[in-house]
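First comes the structure, then the notes that go with it.
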Number of protein chains: 4
Amino acid sequence: MCSRPAATPPTGPGRPGRPRSAAADTAILEATRAALVELGWSKLSMSDVATRAGVAKTTLYRRWAGKNELVVDAVAVLFDELELPDRGSLAADVEGVVRQFAALLERPEAKTALMAVVAESTRDEPLRERIRTSIVERQKRLVLQGRARAQARGELPPPAEGQEGGGTADGTDDLIFDVIAGAVVHRALVSGEPVDREWARRFTALLLGGLAAVSPD
Amino acid sequence: MCSRPAATPPTGPGRPGRPRSAAADTAILEATRAALVELGWSKLSMSDVATRAGVAKTTLYRRWAGKNELVVDAVAVLFDELELPDRGSLAADVEGVVRQFAALLERPEAKTALMAVVAESTRDEPLRERIRTSIVERQKRLVLQGRARAQARGELPPPAEGQEGGGTADGTDDLIFDVIAGAVVHRALVSGEPVDREWARRFTALLLGGLAAVSPD
Amino acid sequence: MCSRPAATPPTGPGRPGRPRSAAADTAILEATRAALVELGWSKLSMSDVATRAGVAKTTLYRRWAGKNELVVDAVAVLFDELELPDRGSLAADVEGVVRQFAALLERPEAKTALMAVVAESTRDEPLRERIRTSIVERQKRLVLQGRARAQARGELPPPAEGQEGGGTADGTDDLIFDVIAGAVVHRALVSGEPVDREWARRFTALLLGGLAAVSPD
Amino acid sequence: MCSRPAATPPTGPGRPGRPRSAAADTAILEATRAALVELGWSKLSMSDVATRAGVAKTTLYRRWAGKNELVVDAVAVLFDELELPDRGSLAADVEGVVRQFAALLERPEAKTALMAVVAESTRDEPLRERIRTSIVERQKRLVLQGRARAQARGELPPPAEGQEGGGTADGTDDLIFDVIAGAVVHRALVSGEPVDREWARRFTALLLGGLAAVSPD
DNA sequence: CGTTAACCGAGACGGTACGTCCTGTCTTTAG
DNA sequence: CTAAAGACAGGACGTACCGTCTCGGTTAACG
């Protein structure tokens, strides 16, 4: 829920030595987002971020292993803003999450950073894990929350025995998540078309129509 | 269909001076793919590619503006292999295209390059255009081809008047394409889960089920 | 005669607060000499010395202003060992001091440090003064002592009136000191040739022969 | 006689690739001398020299392995100016060379650099060799030249059989060189006293007086 | 059959960023 | 007040690529 640099040292109190500056952390992450907006991922440099944040390069490298890790943390906080207000029906909730996610992808710092770090993560397992916990899980939460709400409303059948705790064993949540997130990202970043109200409506219709076909059996 | 470096000079046969070496082109593109496999996108360097291809750096820059353009051309040929064998039903065809696209994404040169160039393209319109014509349209072709085949089979209603030439005005083709490509990419590269037969079957069911709900109007 | 860090505070016993650790001083100076032997002047770092001595960097800077001052103190103690045993004649005494000084210059900590601090002192007057009192005067003492002994033996004319206290007003002591120290250092460090018995013998002959020519007037 | 960076590549004329810029060489060496005057040895940095010379750091490192080698070449040219005008007598010639060498040591770029590179050379054999050929031999030449001239005048006995070509087998030249150079350097840089006419006169008297004592046998 | 113009390899060039190291200061807890 | 620990701003290090340039030397089509 909170964005912590997740660096190695125990950070416990009573530890010897000068403690790390919390102000530096926030200054760095803000500077990173600002640099992403101005320069984009590939022209963002650690030196530049350090200068913007009024911080020494050492201070960056003490906390993050490199550009990838830093950027993941910098954009992760954007995903904390994602929420799922109850709009009264499953369809409205899906449309809401689609529009909300699309709005996030419109922000230039997210647009340039997200695909880039995912691309890097294809050759860097720890980075992939970091992305998963910092970003992907934050999104997926909305899907789970939406399903639970629809089940409470009676729009979807109640959870099977033994799965009250969360996930479904059959991977339908995963499938739905991949379809929603994938379609929105593809529309926004690859096709380069706007995710407007009309598209969201049609996409939601397709998804919910399909859901009826796939899940009952 | 064929991969042409698309550099500026007219390439006309009646041009004076020594013509460009065609062997160099293929050597460079092969070297680029090899370097992508070995090093991944971010550690691939023009110098390295030049060395691998036994070519001077000048020769690279005479043909491509930079790393992005070179890599797009290098991976674009992979998409020429995509085909849509007639498997007898719309469902089977969709499953086929899903599996085929997933297989492509398993190849390390594609995995590391695709998301990276898309990320770059968020701040580089000419690059986005190049990606669209070299890669995205090649994929989309399969969707159009599949729809036409299903319409021929009678699984889908025939095209409306005036749209025999290709696209539908309502954007359903685009929607379907974003859903298929997006979901597969997200499953493979973000969630990091395999696109196996079972997943393809369930995804196809969802898609075709939804299609019935969205298109009949 | 003894090596004191010569830092500012009065060191009085009735002073408040925790007194400085004397053990730290010696540990630091030993660590400095060890680092000089291993790494040489230019690769020696304050951080490294602190680590070797098991001491915090702060403790170093509390006592010495920087690398230069620390190294001067660290090698100064080596010059305390210089002595001038009475070998019975002026020539033998000169040979003795030449060999002894040469032996000192063979020690790796002295070899790498001496020229370096002198080089630094060309742009740092306080450092030059520190070198003079800590090192140069210690060497010069031997020259004065040798002259006095030779005068006592009658090998040299007795001191003129009014100069019993030490130096001669005409600067002959300075000249001799520059010639002896300069020649030995140049032979050892610049020419890179050994200061062996034969060279010492020939040098002494030259010096004493010249002394007869320059001083009698 | 001329100062060449003495870098590895053969510099042959029919060599492939763009040739090295001669202008860069001279700009770099001049910038190095200027930086030595302004900042002194220890605060001189490769980055700064590059900036002053309007040259990339790479260009420096292509030609010189590091600060030491660069500085040796930069100050070596100063020693090309050393000459031994015929002043009519051996004593006058010695005084001349002493004053000339002292004048060189007064120049701030030489003062700060000479001892420093010699200090570094105590742990770096190739550097010592470079200093020997670039600097020391240039000085020693004057001693040999002075001896030959004195022999021609009849002030010194003619060279023994078989040594017409240059050096004497007994090392007297070396001894004299170490005494002259060592004494002047020590006076100027360690004692910090001026090498004035009076000191030069007294030193010459000592040297020549001693020479009579050491060489006749 | 020689011009000629564009090609090719090689590699130096001015830059920028990298990630590491060290400096000298500051801030914490402990004695 | 000192000590150990360690974070801090700053800056140099030496390396790697970037994209451009300047060379000597091909290699075709044109005249």
Side-chain angles (χ1 to χ4, degrees), chain A residues 9 13-21 23-24 43-51 53-63 65-67, chain B residues 9 13-21 23-24 43-51 53-67, chain C residues 9 15-21 23-24 43-51 53-67, chain D residues 9 13-21 23-24 43-51 53-63 65-67:
Chain A
R15 210 167 39 104
R18 176 174 174 174
R20 290 195 180 163
S21 156
K43 301 198 175 167
L44 176 147
S45 76
M46 296 294 267
S47 323
D48 184 62
V49 169
T51 306
V55 141
K57 256 196 306 175
T58 350
T59 302
L60 262 73
Y61 285 106
R62 221 189 308 277
R63 291 162 160 79
K67 193 166 130 167
Chain B
R15 210 162 42 100
R18 175 175 174 177
R20 289 195 180 160
S21 156
K43 302 199 173 168
L44 175 147
S45 76
M46 296 293 268
S47 322
D48 184 63
V49 169
T51 306
V55 142
K57 258 198 306 175
T58 334
T59 304
L60 260 73
Y61 284 106
R62 209 172 281 126
R63 290 162 160 83
W64 291 277
K67 188 166 134 170
Chain C
R15 212 158 41 98
R18 176 170 170 178
R20 288 194 179 165
S21 156
K43 302 198 172 166
L44 175 147
S45 77
M46 296 293 268
S47 322
D48 184 63
V49 169
T51 306
V55 142
K57 261 198 303 176
T58 333
T59 304
L60 261 74
Y61 284 107
R62 228 189 304 275
R63 291 162 159 83
W64 291 277
K67 188 166 135 170
Chain D
R15 211 164 38 102
R18 178 174 173 175
R20 291 197 179 161
S21 156
K43 301 199 173 166
L44 176 147
S45 76
M46 296 295 268
S47 324
D48 183 64
V49 169
T51 305
V55 141
K57 255 197 308 175
T58 348
T59 303
L60 261 73
Y61 284 107
R62 224 189 306 276
R63 293 163 159 80
K67 194 166 128 168

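Note that the structure is predicted; figures quoted are calculated from it, not measured. Chain letters run A, B, ... following the sequence lines, proteins first and then strands; every chain starts at 1.
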[X] side chain: which of [options] is closest?
X	options	value
B:T59	F:dA9, E:dG9, F:dT2	E:dG9
A:R18	F:dG10, E:dC13, F:dA7	F:dA7
B:A56	E:dG9, E:dC13, F:dA3	E:dG9
C:V55	F:dC8, F:dA4, E:dC13	F:dA4

Item to complete: Identify, between D:P19 and A:P16, the residue whose nearest nucleotide on DNA chain E lies closer to the 5' end.
Response: D:P19

Worksheet entry | A:G17 or D:G54, whichever maps to the more 5' nucleotide of DNA chain E | D:G54

Taking every non-hydrogen atom, the tightest pair across [X] and [Y]:
X	Y	value
D:S21	D:R63	O-NH2, 2.9 Å
A:K57	A:S47	CD-OG, 4.0 Å
C:A50	C:A56	CB-C, 4.2 Å

Worksheet, complete the sentence: D:R20 CZ to E:dA10 C1', in whole Å, measures 13 Å

Worksheet item: How close or far is atom C1' of F:dG6 from atom CG of C:L60, stated in whole angstroms?
Response: 15 Å

Practice prompt. To the nearest 0.5 angstrom, please state how far the CH2 atom of C:W64 sits from the CE atom of C:M46.
Written response: 8.5 Å

Practice prompt. May I ask you to evaluate whether D:R15 reaches the phosphate of F:dC23, defined as a side-chain N or O under 4.0 Å from OP1 or OP2?
Written response: no

Item to complete: Respond yes when some side-chain nitrogen or oxygen of B:R63 is under 4.0 Å from OP1 or OP2 of E:dC8, and no when none is.
Response: yes

Taking only nitrogen or oxygen atoms into account, show me every contact under 3.5 Å that the protein makes with nucleotides 12-15 of chain F, one pair per line with its distance.
unit_1 : atom_1 : unit_2 : atom_2 : d
F:dC13 : OP1    : D:M46  : N      : 3.0
F:dC13 : OP2    : D:M46  : N      : 3.0
F:dC13 : OP2    : D:S47  : N      : 3.0
F:dC13 : OP2    : D:S47  : OG     : 2.8
F:dG14 : OP2    : D:Y61  : OH     : 2.6
F:dG14 : N7     : D:K57  : NZ     : 3.0
F:dG14 : O6     : D:K57  : NZ     : 2.7

